[in-house]
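Here's the structure, in structure tokens; my notes come after.
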Amino acid sequence: MQLDEAFHYQKGTLYGESVSLERIAQAVGTPCYVYSRRQLLDNFSAFDRAFQAVPHHVCYALKANANPTIAQLLAQAGAGADIVSGGELFLALHAGFSPRKIVFAGVGKTQEEITAALRAGILMFNVESLEELLAIGRVAKRLGRRAPVAIRVNPHVDALTHRHITTGTAENKFGIPWTEALDIYRLAKRLPSLAVVGIHAHIGSQITSVRPYEVTLRRLLQLIEQVEELGLRIQYLDLGGGLGIQYHQERPMRPQALARCILPLVRQRRFTLVFEPGRWLVGNVGILLTRVLYHKPAGRKHFVIVDGGMTELIRPALYEAYHAVVPVTRRRGAKAVIAEVVGPVCESCDVLARDRRLPLPAAGDLLAILT
């Protein structure tokens, strides 16, 4: 089992950077989240540098982690923000993200949210449907503004990821089918309250291969040629996010691998690339500290009951996601057991780790849930 880069053992105790996690738990209580500032900024820098050869924006997907301090750090580092709600718009502006680097996606934008985003002067709306396009046009007309829009195209590309986090196939609720997108662009061109500035696709999350990105990009480039024949100029090509990280046995790519695939196809183009990474920037930056309350043998099973649960980390309950679990303090000679690490919520799915081989912890011990 590999620890995340920012976390390591010193004399049998787990540290985040140079700080003992035991000390943090004593100071603030559990359950609590611990993040590495250094790793966060290193991750952003690596993504940003990978595409330095072309004009680009790296817009952090606030849905991945809306902690205000993390948002502030990324804004100060020069990131933009990818938002999907009025609440995230509020957070992005207060964290210091430039409105000209904020992109607004999501299938359920309300008139109030559209109004707030227009008044803030965001970079563009990533439009998910015909009715949404018309709604944005009506709000912009009422405000006496032109709304900058990109059409979110559903390219019908399998991202080769979990079915709950794939977003780019015909069965998903996101975007406009790529075979219908040209008609939407024709309509948008005729609406004086809209300014067509871009094209957008987001095909899923926890993607570990460059192939889905390449297929998506080639389809978008074909569509861009057709759109520009209409007399429209695409200023921004937004390829979304979705770059995967390692939780268990995955072999994810780094942004440099994605850049090697993408840059040769776009280097001579006039648009600015936009990316919306979330998980890749923050996933390996944080851990969840939780304290053992009880150990309960039940036949051949061992339940380790902790004070954190699905209310702090929903992924295992939502789609049986794997997160490594390690003791904060290693005990010599501790008996190894196959355990279920479970939370205190009155739901049978409140399980953080199933059938996991662990040194048997005692009540009061700290566990770290990684990534």
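For this chain, numbers begin at 1 and follow the sequence in order. Computed over heavy atoms, backbone and side chain alike; hydrogens, waters and symmetry mates excluded.
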Consider only side-chain N and O atoms of Asn65 and Tyr35, and report whether a donor and an acceptor are under 3.5 Å apart. yes

For His295 and His302, take the angle between the two ring planes, folded into 0 to 90°, and tell me which bin it lands in: parallel under 30, tilted 30 to 60, perpendicular over 60. parallel

Using 0.5 Å steps for rounding, measure from the OG1 atom of Thr329 to the CG atom of Leu21. 9.0 Å

Rounding to 0.5 Å, atoms CZ (Arg267) and CG (Leu273) come to a distance of 11.0 Å

Check whether the side chains of His202 and Arg152 place a donor and an acceptor atom closer than 3.5 Å, and report yes or no. no

Pairwise side-chain contact, Val341 with Val292, heavy-atom cut-off 4.5 Å (strictly under): no

With side chains defined as the heavy atoms from C-beta onward, is the minimum distance between Asp4 and Gln246 less than 4.5 Å? no

Would you find a donor on one side and an acceptor on the other, under 3.5 Å apart, between the side chain of Glu250 and the backbone of His248? yes

If only atom types and distance count, is the side chain of Lys189 paired as donor or acceptor with the main-chain N or O of Leu230 below 3.5 Å? yes

Hey, is the main chain of Ile262 close enough, under 3.5 Å, to the side chain of Glu214 for a donor-acceptor pair? no

Please check if Leu239 and Ile83 belong to a single hydrophobic cluster, counting links between Ile, Leu, Val, Met, Phe, Trp and Tyr side chain heavy atoms closer than 4.5 Å. yes

Report yes if the side chains of Glu276 and His200 come closer than 4.5 Å at any heavy-atom pair, otherwise no. yes

Quick test of your reading of the model: are Glu340 and Arg356 salt-bridged, counting only N-O distances below 4.0 Å? no

Same cluster or not: Leu232 versus Tyr236, using hydrophobic residues (I, L, V, M, F, W, Y) connected whenever any side-chain heavy atoms lie under 4.5 Å apart? no

Heavy-atom closest contact (Pro31 atom, Leu288 atom, distance): CB-CD1, 4.1 Å

Tell me whether the count of non-hydrogen atoms from other residues, nucleotides or ligands lying under 6.0 Å of NZ in Lys63 goes above 12. yes

Could you give me the CA-CA distance, side-chain angles and deciding distance for Ser205 and Arg279, then say whether side chain to side chain donor-acceptor pair (under 3.5 Å) is met? CA-CA 8 Å; Ser205 191; Arg279 181 196 314 263; 2.6 Å; yes

From CD1 (Ile234) to CD (Glu225), nearest 0.5 Å: 12.0 Å

Heavy-atom nearest pair, Tyr9 first then Pro327, reads OH-O, 2.5 Å

In this structure, are over 12 heavy atoms from other groups packed under 6.0 Å from Arg37 atom CZ? no

What's the separation between atom CD1 in Ile203 and atom OG1 in Thr216, rounded to the nearest 0.5 Å? 3.5 Å

Over all atoms of both residues, closest heavy-atom pair of Pro344 and Gly308: CD-O, 3.7 Å

Go through Leu289 and Val328 one step at a time and tell me if the side-chain contact (heavy atoms from CB on, under 4.5 Å) criterion holds. CA-CA 9 Å; Leu289 280 183; Val328 170; 3.7 Å; yes

Between the main-chain N or O of Phe44 and the side-chain N or O of Tyr60, is there a donor-acceptor pair closer than 3.5 Å? no

With no hydrogens and no angle check, just 3.5 Å: does a side-chain donor-acceptor pair link His8 and Glu17? no

Between Arg145 and Leu118 (side chain of the first, backbone of the second, donor and acceptor by atom type, cut-off under 3.5 Å), is there such a pair? yes

Could you tell me whether a side-chain N or O of Asp365 sits under 3.5 Å from a main-chain N or O of Ala362, the two making a donor and an acceptor? yes

Starting at CG of Asp350, measure out to CE of Met310 and round the result to the nearest 0.5 Å. 6.0 Å

Quick one: closest heavy-atom pair of Phe97 and Gly80, and the distance? CE2-O, 3.3 Å

Between Ala298 and Phe303 the two heavy atoms that sit nearest each other are CB-CE1, 3.8 Å

Just do the side-chain contact (heavy atoms from CB on, under 4.5 Å) check on Leu243 and Leu258 with the steps written out, would you? CA-CA 9 Å; Leu243 223 61; Leu258 184 60; 3.8 Å; yes

Residues Arg142 and Ser193: side-chain donor-acceptor under 3.5 angstrom: no

Is there a side-chain contact (heavy atoms from CB on, under 4.5 Å) between Leu352 and Val342? Walk through the geometry before answering. CA-CA 6 Å; Leu352 294 172; Val342 301; over 6 Å; no

Does Val153 share a hydrophobic cluster with Met124, counting links as ILVMFWY side-chain heavy atoms below 4.5 Å and allowing steps through other members? no

Return the CD to CZ distance between Glu228 and Arg233, rounded to the nearest 0.5 Å. 7.5 Å

Strictly distance-based, threshold 3.5 Å: is any side-chain N or O of Gln26 a donor or acceptor partner for the main-chain N or O of Arg23? no

For the residue pair Phe51 and Phe275, is the inter-centroid distance of their aromatic rings smaller than 6.0 Å? yes

Cluster link Leu220 to Val197, ILVMFWY, side chain under 4.5 Å: no

Linked, directly or transitively: Phe125 and Leu134 (ILVMFWY side chains, under 4.5 Å): yes

Decide if atom OH of Tyr294 counts as having more than 12 heavy atoms of other residues, nucleotides or ligands within a radius under 6.0 Å. no

Is the count of non-hydrogen atoms from other residues, nucleotides or ligands lying under 6.0 Å from Glu131 atom CD greater than 12? no

Might you work through the side-chain contact (heavy atoms from CB on, under 4.5 Å) test for Leu221 and Arg269, ending with a clear yes or no? CA-CA 10 Å; Leu221 291 175; Arg269 303 280 180 155; 3.9 Å; yes

Can you tell if the side chain of Leu194 reaches within under 4.5 Å of the side chain of Ile136, non-hydrogen atoms only? yes

Just wondering, do Trp178 and Asn154 contact through their side chains at under 4.5 Å, heavy atoms? no

Do Leu370 and Phe7 touch side chain to side chain, with heavy atoms closer than 4.5 Å? no

Please check if the side chain of Arg219 supplies one atom and the backbone of Pro155 the other of a donor-acceptor pair under 3.5 Å. yes

Establish, from distance only, whether the side-chain atoms of Asn284 and Thr371 form a donor-acceptor pair under 3.5 Å. no

Is the NZ or CZ atom of Arg315 positioned over Tyr247's six-membered ring, under 6.0 angstrom from the centre and within 45° of the axis? yes

Main-chain N/O of Glu22 paired with Ser20 side-chain donor or acceptor, under 3.5 Å: yes

Is the positively charged end of Lys109 above the ring of Phe104, judged by distance under 6.0 angstrom from the centroid and angle within 45° of the axis? yes

Under a 4.5 Å cut-off applied to non-hydrogen side-chain atoms, are Leu133 and Ile151 in contact? yes

Would Asp48 and Gln52 count as having a side-chain donor-acceptor pair, cut-off 3.5 Å? no

Decide yes or no on side chain to side chain donor-acceptor pair (under 3.5 Å) for Arg49 and Ser45, but give the supporting numbers first. CA-CA 6 Å; Arg49 284 198 315 271; Ser45 178; 2.5 Å; yes

Might you point out which heavy atoms bring Pro361 and Val304 nearest each other, and give the distance in Å? CG-CG1, 3.8 Å

Going by heavy atoms in the side chains, are His94 and Pro68 under 4.5 Å from each other? no

Heavy-atom donor-acceptor pair, Asn43 side chain to Leu281 backbone, under 3.5 Å: yes

